Amino acid sequence: MSLQPPVTLVSPPQDIDACFSDIHPPLTARQAHLESARCLYCYDAPCIKACPSDINIPSFIQQIHSDNLQGAAQTIYSSNILGGSCARVCPTEILCEQACVRNKEAECAPVLIGLLQRYATDHAEFTGHPFDREPESGKRVAVVGAGPAGLSCAHRLAMKGHQVEIFEASEKAGGLNEYGIARYKMTDDFAACEVEFVMGIGGITLHTGQALGRDLSLAELQSKFDAVFLAIGLQRTRQLGLENELATGVQNAVDYIRVLRQAADLNGLNIPQRAVVIGAGNTAVDIACQLRRLGCEEVTLAYRRGTESMSATDHEQQIARDHQVRIKTWCRPEVITLDDHGSVAAIHLRRTEMQGDALVDLPHCDILPCDAIFKAVGQTLDMPDDEQLELLRLDAGKLAVDTKFHTGLDRVFAGGDCTAVGEDLTVEAVQQGKLAAESIHQLLTTQA
Amino acid sequence: MANLFTRFAGIESPNPFWLASAPPTDKAYNVERAFEAGWGGVVWKTLGEDPAAVNVSSRYSAIYDATGQVTGFNNIELITDRSLEINLREIEAVKKNWPDRALVVSLMVPCEEESWKTIVKLVEQTGADGLELNFGCPHGMPERGMGAAVGQVPEFVEMVTRWCKTYSRLPVIVKLTPNITDIRFSARAAHAGGADAVSLINTINSITGIDLDQMVARPIVDGKSTHGGYCGPAVKPIALNMVSEIARDPQTQGLPISGIGGISTWRDVAEFIALGAGSVQVCTAAMVHGFRIVTEMQDGLSRWMDSKGYQTLEDFRGLAVPNTTDWKYLNMNYKIVASIDQESCIGCGRCYISCEDTSHQAISLTSKADGTNQFDIIEAECVGCNLCQITCPVNDCITMVRRDTEKPYMNWLNDPRNPHGEAR
Ligand SMILES: Cc1cc2nc3c(=O)[nH]c(=O)nc-3n(C[C@H](O)[C@H](O)[C@H](O)COP(=O)(O)OP(=O)(O)OC[C@H]3O[C@@H](n4cnc5c(N)ncnc54)[C@H](O)[C@@H]3O)c2cc1C
Ligand SMILES: Cc1cc2nc3c(=O)[nH]c(=O)nc-3n(C[C@H](O)[C@H](O)[C@H](O)COP(=O)(O)O)c2cc1C
Ligand code: SF4
Ligand code: SF4
Ligand code: SF4
């Protein structure tokens, strides 16, 4: 079954909000029944191995098929408490669905695991929270950052009977689920509802507007708590290193998305007419597509290598093309020119090519007039200003942790995007938070 | 194109596809539509004595496969709920309009000679081609001493059949109930009573499921239910077996059989005929898909016959009967083993876990470097049971291949391992 809906782009005076409905609409009951029938209930299933959070996929799909939605959701949540958001944001085409054995048969189409996961988590009804807490352990853990990694860790620790306090720098919890994921993937107030659901287990206290390095220090947390979990994500956007990079009209993609995600009224947004996005990852695709949905007439995505090297998956690239985003490869930003008011007027893109192993400039340069440039060339760790943190070991610019997510500092663990482990994906962050919680629990219960 | 002309118990029809006595043949309106669609014959919905039966509301329930298709169908309807007079007038008119089609009339009256004598005479006057005696209805009618209540007692079957043969010159088909332990006894009784043919199977006593909220079986009639009669694809294996038992029985050798039960495609039709059926009857498939389904059945059967070089139904009728035998005659020295085509294997592991958990531990699992698994047959352990082949989702991925034991045919009777065998 093909479930790819046509992309709706705004054409004034149409309501912009209508253009931000689900990119993959949820399955109907009938579709879910038929789709779940396609699962072969594999033994030692490849899809489970390909799910970073180890969800027992054949089991929950079987439960959907036998009308046991509550059981299905519980199966999902027991491995991944943010199963609802992962169902919406996971790049399934490179994870579970890529491994599905149904790809290999003549039909060449995987079971739509992500949409089935969404069906179960959307429709399961629980009275109260699906998990009970173990008896109070008397231990207290501080979690820094309320993104997927922090929430997942907090939930698992609370389940194990520990008291958890989360310190979050922003006004709202959720991390990039709340502020970063494309609006057409995470519609309505799903991120906030999910935070509420996670907190529903009890034993978790959330402090928002509390930043490590600004309002609290790690030493303080170490002294007040039995363990600390750092899940502060990647807060700094990599820069292009060009002159005029700070001019009006040149901005970080994630900052614009943050505003877009929080906007109550999209019509109030500052929407460029001609935009150039620099980057090749999912953030680049996300900003490009969202700009098109907002009504930006011309969006060009510029990347210095070929499409095959782009970190955005083929599926994401196709989504960009469906949004009529122009993907311009083999060119690198060289000069940003400004108009008389000091606002961006054009970008010069230098053509490139591979010569042997080296990426080299070619003589030709394209000049693209534009009124906005979005930087989406990657996020890096923004180390909070804190004496203790300076002691942390780094690995490729991110926090180094061992297999138990221990940082090396006394009772300090870390997980999610801020660590050097795994890919920067929501589901990875959830898994790392969960595994770190298990390690912390082990530490707390083996301690005298 | 193959010739599908059928002559069954002296009744002729342009093809072997008949509609079984049931709602599709309830009245002139339906039967006319069926003939227009191409059905070769019908067995009119069972007639009874007046006053006509009365039905309840909520009458059917079903079993579905994983994709939502009906695999089993259950009903609690009775025989015709219209008066005898109206039915007889309609039968007469329809037969006049469609002289080339088979029109058989199904009957069920109390087990009294007078009743049967009267009704067969009335039917004969309509110009109908034959009679079918409904000794099969499993619900509602047995309570009144009819249907399965007669069909389950061979003596009654023989007696009523004889009455009908005595009072009517029309061919008599006896419709058998499967709700017995050995179908051959009923068939022999019908044969002894002079039946021109038997038809089978009627529906099987069934409860399709329970509504777990209301705690009542389906279909629900004001909070209560009752067992019904089961039919549809799910009953085909039972019907095929019963047909084969009669076809193989020396005592009923040559008795024409009209095959009924779960027929939905041309392949089902071919299977019944291969086991000796001379015509087939369909109910559920028509009820679920409408009369047009006969088009695909007819086309499929003709093409298959062409591909095999069969010009008439007689060319392949009964060919599978001699190959259907008793277990004791099977060759104990025949050996097959499973073989996996690694090229088409998708690595689902179903074969492995089914053999490992429930069969003979004859499949090995090897984890490969890329994280996927390879599955291989351990021939020495494989007993050739077919389980892995059955559970494998890929067509022709697992095949059962013959291994030469270099031993001649030897059945159980001659097997030295048989404590009661002739070899002892
Ligand atoms: C634009 C964009 C789109 C994306 N789209 C997808 C997608 O479609 N699918 C997918 O799987 N992944 C996607 N990702 C990646 C995904 O969002 C991240 O991998 C995931 O959110 C990481 O979770 P985290 O908890 O480690 O970090 P975050 O979600 O970044 O959460 C970190 C939290 O820590 C807080 N924090 C930071 N510093 C401090 C401090 N000093 N003190 C207290 N709190 C602090 C932050 O405010 C934030 O709430 C996307 C990322 C971006 C940027
Ligand atoms: C709703 C319904 C009513 C039936 N009524 C009769 C009947 O009146 N007389 C009869 O001989 N068989 C009756 N049958 C049985 C069918 O004729 C037939 O034997 C049975 O359904 C098996 O065929 P199938 O699997 O193609 O449906 C009825 C079946 C159904 C589903
Ligand atoms: S690999 Fe595909 S078919 Fe097999 S269990 Fe997973 S989802 Fe089901
Ligand atoms: S098929 Fe449906 S509409 Fe028709 S009589 Fe039956 S219940 Fe009524
Ligand atoms: S059941 Fe078939 S496809 Fe699946 S692992 Fe076994 S041989 Fe391969």
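Please read all numbers here as calculations on a predicted model, not as lab measurements. By convention in this document, chain letters (A, B, ...) are assigned in the order of the sequence lines, proteins followed by strands, and residues within each chain are numbered from 1.
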key: A:Lys49 side chain to B:Gly371 backbone, donor-acceptor under 3.5 Å   = yes

ask   = If you count heavy-atom pairs under 4.5 Å between each of B:Leu365, B:Asp65, B:Asn373 and chain A, which one has the most?
value = B:Asn373

Closest non-hydrogen atom pair, B:Thr67 against A:Arg30 = O-NH2, 3.6 Å

query = Under 6.0 Å from the OH atom of B:Tyr64, do we count more than 12 heavy atoms belonging to anything else shown?
reply = no

task = To the nearest 0.5 Å, tell me how far A:Tyr43 OH sits from B:Asp357 CG.
result = 7.5 Å

More than 12 heavy atoms from other groups under 6.0 Å of CD on A:Glu125 = no

query = So with a 6.0 Å cut-off around NZ of B:Lys368, is the heavy-atom count from everything else above 12?
reply = yes

task = Can you establish whether the number of heavy atoms outside B:Asp396 located under 6.0 Å from its atom CG is more than 12?
result = no

key: Nearest-0.5 Å distance, SG of residue A:Cys42 to CD1 of residue B:Ile353   = 12.0 Å

remark   = Residues B:Cys348 and A:Leu40: closest non-hydrogen pair is CB-CD1, 4.4 Å

query = Is it the case that more than 12 heavy atoms not belonging to B:Arg303 sit under 6.0 Å from its CZ atom?
reply = no

